[in-house]
Structures are given as C-alpha cells and as structure tokens.
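The structure appears right after this line, and notes come after that.
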Amino acid sequence: MEEKKYKTLAEFYPFYLSEHRNLTSRVLHFIGTGLVILCFITAILFHTYYFLLAMPVVGYGFAWVGHFFFEKNKPATFKYPRFSLASDFILFWDLLSGKQPFRVK
C-alpha cells in the first residue's frame with residue numbers, strides 16, 4: 001500500500017491531528033511549543049542568543065517523548081519537517097483557544 005504524499009499544510013494537518021490523539025502527548029507538545037516561544041522571546045528581549053540554540057532541543061524533546069512513549073508512533077517531523085513544525089504551532093494555538101481539546105474522544 002502506497003503512503004499518501006502531502007502537498008499542502010491543509011492536507012497535512014488532519015493527518016497531524018490523527019498522530020496526536022493521546023492526552024499526555026498533546027500536553028507535552030503544548031508545553032514544548034510554549035517553551036520554544038518563551039525561548040525566542042527571551043533571546044530577543046535579553047539578547048541572550050543561547051536560547052535560540054535551546055529551541056529545537058526543548059521543542060522536539062517534549063514532542064518526541066510524547067510520540068515515543070505515549071503515542072507510540074514516529075514523529076511526522078522526519079518526513080514532513082516544515083508541515084510538522086507549522087502544525088505544532090497551529091495545534092498550540094488551537095489548544096490555547098479551545099478549538100481543539102486536550103483530551104480527544
């Protein structure tokens with residue numbers, strides 16, 4: 001069976017959501033993405049650019065723990081790095097605004 005190739009973010013995002021159904025994984029993604037945003041803001045405000053180096057470690061660290069230990073799947077980052085990164089921020093906003101629940105039924 002041939003794997004679907006995603007050409008747009010709009011096509012990819014429903015797949016992304018299907019790979020992020022576990023409550024703990026969603027919480028870890030939310031924390032990781034929030035910390036990435038804080039690292040970026042801190043780097044800019046305090047001219048401490050080491051925080052920029054911490055961004056991928058912090059963001060992917062939380063997300064990958066969610067995937068490997070709770071979702072038990074492979075992160076989409078490996079095949080679709082840009083779509084996956086964009087989807088992390090979309091999911092963060094959707095969770096923050098209540099558009100997506102943390103607990104998927």
key: CZ (F78) with more than 12 external heavy atoms under 6.0 Å   =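 Result for CZ/F78: enclosed.
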Approximate separation, where rounding is to 0.5 Å, of [X] [atom1] and [Y] [atom2]:
X   : Y   : atom1 : atom2 : value
L38 : F51 : CG    : CZ    : 10.0 Å
L52 : I44 : CG    : CD1   : 6.0 Å
M55 : I37 : CE    : CD1   : 9.0 Å
I41 : F46 : CD1   : CZ    : 10.5 Å
E11 : K5  : CD    : NZ    : 13.0 Å
I90 : L95 : CD1   : CG    : 12.0 Å

key: Partner of H67 under side chain to side chain donor-acceptor pair (under 3.5 Å), chosen from K72, E19, H20, K74   =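 That would be H20; it is the only one of K72, E19, H20, K74 passing the side chain to side chain donor-acceptor pair (under 3.5 Å) with H67.
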key: Atom of F68, atom of N73 and distance for their closest heavy-atom approach   =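 Closest pair (atom of F68, atom of N73, distance): CD2-O, 4.0 Å.
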request  = Could you pull out the closest heavy-atom pair between V36 and G59, with the gap in Å?
outcome  =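 Between these two residues, the closest heavy atoms are CG2-CA, 3.5 Å.
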Is it the case that one hydrophobic cluster holds both [X] and [Y], taking links as side-chain heavy atoms less than 4.5 Å apart, direct or via other members?
X   : Y    : value
L53 : F40  : no
W93 : L91  : yes
F70 : V104 : no

Using a 3.5 Å distance criterion without hydrogens, assess whether the side chain of [X] forms a donor-acceptor pair with backbone atoms of [Y].
X   : Y    : answer
T77 : P75  : no
R26 : P101 : yes
S84 : P81  : no
R21 : K105 : yes

inquiry  = Going by salt bridge (charged side-chain N to carboxylate O under 4.0 Å, His left out), name the pairs with one or both residues in residues 87-100, residues two or more places apart or in two chains.
reply    =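 Counting only pairs at least two positions apart or across chains, no salt bridge (charged side-chain N to carboxylate O under 4.0 Å, His left out) contact touches residues 87-100.
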inquiry  = Is it the case that the ring center of F92 lies less than 6.0 angstrom away from the ring center of F89?
reply    =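 Judged by ring-centre distance (under 6.0 Å), F89 and F92 do not meet the cut-off.
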task = Show your working on ring pair (Phe, Tyr, Trp, His ring centres under 6.0 Å) between F83 and Y6 and close with a plain yes or no.
result = CA-CA 9 Å; F83 287 162; Y6 298 100; 7.9 Å; no
key: Residues in ring pair (Phe, Tyr, Trp, His ring centres under 6.0 Å) contact with F102, at least two apart in sequence or another chain   =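 Listed in chain order: F30.
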inquiry  = Can you tell me how the ring of H29 sits relative to the ring of Y16, calling it parallel under 30°, perpendicular over 60° and tilted otherwise?
reply    =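 Perpendicular, since the angle between the ring planes exceeds 60°.
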